[in-house]
Amino acid sequence: MTTPLSGKTIALVKATVPALTEHGATITGAMYKRLFETDHIRALFNQANQESGAQVKALAGGILAYARNIDNLGVLGPVVERMAQKHVGYHILPEHYPYVATALLEAIKEVLGDVATDEILEAWGEAYWFLAAILQGRETDIRQSVEAQEGGWSGWRAFVVESKVRESAVITSFVLRPQDGGKVVAHKPGQFLTFAFDTATQKGVKRNYSISQAANGETYRISVKRETHGVASGHLHDAIQVGDVLMATPPAGDFHLKPAERPVVLLSGGVGMTPMVAMLETIAAEHPELEAHFVHGALNGDVHAMAGHVKALAAAHGATRVSTFYSEPAAGDVLGDSHDVEGFVSIAWLQAQTPFAAADFYLCGPKPFLRILVSGLAAAGVPADRIHYEFFGPADELLAA
């Protein structure tokens with residue numbers, strides 16, 4: 001059992017909140033600079049998030065939230081769960097934690113100077129290891145749970161690309177089967193796989209991709225959008241072919257379909273539809289009477305992936321309604337055929353067209369999409385425990401704007 005933090009430590013950490021508010025991103029930037037001086041630690045991270053600055057801001061926000069709530073850690077439960085799931089995906093182990101502790105304390109001292117007294121540094125050291133113990137315990141539980149299931153594993157496992165399907169002008173699906181011929185653990189619809197591979201220009205690239213199918217015990221499918229200047233997505237689209245091998249850790253993630261207790265609304269934008277397809281396949285197979293609404297926004301038909309598959313699932317299920325929004329319809333798109341609404345998904349439309357007061361809402365897509373809809377749902381009175389969302393990349397200032 002984790003030893004509780006001392007009252008002195010709590011007071012000292014909370015006293016650093018003003019300094020963290022002002023200098024948090026500078027501290028985390030300095031911390032990562034130190035961490036990445038060690039090659040095997042640098043290799044644990046998704047470097048694209050470092051280059052964009054998103055991870056620096058996300059961690060700064062997390063440290064500040066920890067300091068503010070260190071005497072009420074219950075409110076940080078969802079954040080801790082998300083961190084633990086990500087750590088399992090990236091195969092971060094207990095032996096990696098001391099590197100972070102050293103880098104963080106050195107960065108605090110460097111940035112805050114004389115403000116970071118020995119007492120302050122000692123308090124933050126205690127606070128860090130307290131949180132680390134919670135995370136390590138949860139990560140152990142997750143790994144043991146996965147390994148205990150049929151098809152479960154820990155660490156990196158080799159998968160062969162069984163098929164490659166072009167779903168739209170920008171999205172391609174890859175069906176993956178274990179190279180060892182074994183089963184795969186059943187994922188929760190909405191979870192992701194983490195991959196590690198070398199490209200022509202970078203080694204040890206790591207990325208998370210949502211699983212875009214229901215669990216079947218045999219394979220996984222991911223559906224990847226080609227990003228502009230995307231090193232990883234470009235490599236997968238252009239270089240990876242049927243028969244090639246990709247390394248992946250087990251399914252992880254705290255965003256997934258919950259037990260079916262009420263109607264569900266699956267809201268997605270762009271490639272955010274990938275976990276929603278996994279959810280819809282699961283609903284169609286396992287919940288024949290569950291009312292479901294699949295609401296998707298795309299630019300146009302050229303980039304809209306899996307449209308036919310989604311409509312077929314809805315038709316087979318019978319209790320699913322599909323509604324598609326195109327914000328920039330192409331010349332060949334026909335209102336009422338390729339799409340149902342021109343424009344963007346809105347709270348007003350959802351209130352009028354879905355069981356708004358009774359449903360669970362699942363959302364995935366670009367941050368602007370989520371900022372509008374997550375905050376809009378909350379402002380319209382949807383309880384927080386019925387709003388479930390996933391975003392691509394670090395969880396920085398998602399709802400701050």
>> Looking at every non-hydrogen atom in both residues, tell me the closest pair between L193 and P251 and how far apart they are.
In response: CD2-N, 3.7 Å
> Is the closest basic N to carboxylate O distance between K183 and E150 below 4.0 Å?
Replying inline: no
> Would you say T140's side chain and Q136's backbone share a donor-acceptor pair under 3.5 angstrom?
Replying inline: yes
> For I347 and G376, which heavy atoms make the closest approach, and how far apart are they?
Replying inline: CD1-C, 3.6 Å
>> Name the residue from R262, R386, K258 that meets the salt bridge (Lys or Arg N to Asp or Glu O under 4.0 Å) definition with D360.
In response: R262
> Side chains of I171 and V303: closer than 4.5 Å at any heavy-atom pair?
Replying inline: no
>> Using modelled atom types and a 3.5 Å cut-off, is there a donor and acceptor pairing between side-chain atoms of T16 and backbone atoms of V13?
In response: yes
>> Quick one, R221 with E281, criterion salt bridge (charged side-chain N to carboxylate O under 4.0 Å, His left out). Give me CA distance, side-chain angles, the key distance, then yes/no.
In response: CA-CA 12 Å; R221 180 179 65 206; E281 286 188 3; 3.0 Å; yes
> Are any of the side-chain heavy atoms of L112 and I120 separated by less than 4.5 Å?
Replying inline: no
>> Given 3.5 Å as the limit, does a donor-acceptor pair link the side chain of Q191 with the main chain of K188, or not?
In response: yes
> Relative to F192, does K86 satisfy both conditions: NZ or CZ under 6.0 angstrom from the six-membered ring centre, and within 45 degrees of the ring's axis?
Replying inline: yes
> Is D385 atom CG crowded by more than 12 heavy atoms from other residues, nucleotides or ligands, each under 6.0 Å away?
Replying inline: yes
> Can you tell me if R207 uses its side chain to pair, donor with acceptor, with the backbone of F195 under 3.5 Å?
Replying inline: no
>> What verdict does the ring pair (Phe, Tyr, Trp, His ring centres under 6.0 Å) test give for F356 and H293, after you've listed the backbone C-alpha separation in whole Å, the side-chain angles of each residue and the deciding distance to 0.1 Å?
In response: CA-CA 11 Å; F356 196 84; H293 293 255; over 10 Å; no
> Going from CD1 on I222 to OG1 on T274, what distance comes out if it is rounded to the nearest 0.5 angstrom?
Replying inline: 9.5 Å
> How about E95: does its CD atom have over 12 heavy atoms from other parts shown lying under 6.0 Å from it?
Replying inline: yes
> Between G29 and V56, what is the shortest heavy-atom contact and its length?
Replying inline: N-CG1, 3.8 Å
> Tell me, do D333 and D302 make a side-chain contact under 4.5 Å, heavy atoms counted?
Replying inline: no
> So, K164 side chain and S173 main chain: donor-acceptor pair closer than 3.5 Å or not?
Replying inline: no
> Salt bridge check: are E390 and R82 linked by an N-O gap of less than 4.0 Å?
Replying inline: yes
> Donor-acceptor pair, N72 side chain versus N69 backbone, under 3.5 Å?
Replying inline: no
> Going by heavy atoms in the side chains, are L73 and F130 under 4.5 Å from each other?
Replying inline: yes
> When you check the side-chain N and O atoms of T324 and H296, is any donor under 3.5 Å from an acceptor?
Replying inline: no
>> Within the 4.5 Å heavy-atom criterion, are I108 and L121 side-chain neighbours or not?
In response: yes
> Okay, side chain of Q241, backbone of D238: is any donor-acceptor separation there less than 3.5 Å?
Replying inline: yes
> Is atom NE2 of H40 surrounded by more than 12 heavy atoms (other residues, nucleotides or ligands) closer than 6.0 Å?
Replying inline: yes
> Taking all atoms of both residues into account, what is the closest heavy-atom pair of H309 and V277, and its distance?
Replying inline: CD2-CG1, 3.9 Å
> Where is the tightest heavy-atom contact between Y97 and H87, given as atom of each residue plus distance?
Replying inline: OH-ND1, 3.1 Å
> For the side chain of S233 and the backbone of E227, is there at least one donor-acceptor N/O pair under 3.5 Å apart?
Replying inline: yes
>> Would you say that I41 contacts H96 through its side chain, given a criterion of any heavy-atom pair below 4.5 Å between the two side chains?
In response: yes
> Side chain of T102, backbone of Y99: donor and acceptor closer than 3.5 Å?
Replying inline: no
>> Quick check on side-chain contact (heavy atoms from CB on, under 4.5 Å): which of I63, L35, L59, T28 does L104 satisfy it with?
In response: I63
> Donor-acceptor pair, K206 side chain versus T194 backbone, under 3.5 Å?
Replying inline: no
> Looking at E119, E126, E122, which one forms a salt bridge (Lys or Arg N to Asp or Glu O under 4.0 Å) with K8?
Replying inline: E119
> Looking only at heavy atoms, what is the nearest atom pair of P275 and C364, with distance?
Replying inline: CG-SG, 3.8 Å
>> Test side-chain contact (heavy atoms from CB on, under 4.5 Å) on M276 and V310; report intermediate values, then the result.
In response: CA-CA 10 Å; M276 302 308 179; V310 167; over 6 Å; no
>> Test side-chain contact (heavy atoms from CB on, under 4.5 Å) on Y326 and H304; report intermediate values, then the result.
In response: CA-CA 9 Å; Y326 284 178; H304 183 188; 2.8 Å; yes
> side-chain contact (heavy atoms from CB on, under 4.5 Å) between F344 and W349: does it pass, once the steps are laid out?
Replying inline: CA-CA 10 Å; F344 297 95; W349 186 92; over 6 Å; no
>> Run the ring pair (Phe, Tyr, Trp, His ring centres under 6.0 Å) test on Y32 and F45 for me, step by step, so that the C-alpha distance in whole Å, both residues' side-chain angles and the decisive distance to 0.1 Å come before the verdict.
In response: CA-CA 10 Å; Y32 279 122; F45 292 82; 5.8 Å; yes
> With a 4.5 Å heavy-atom cut-off, do K14 and I10 have their side chains touching?
Replying inline: yes
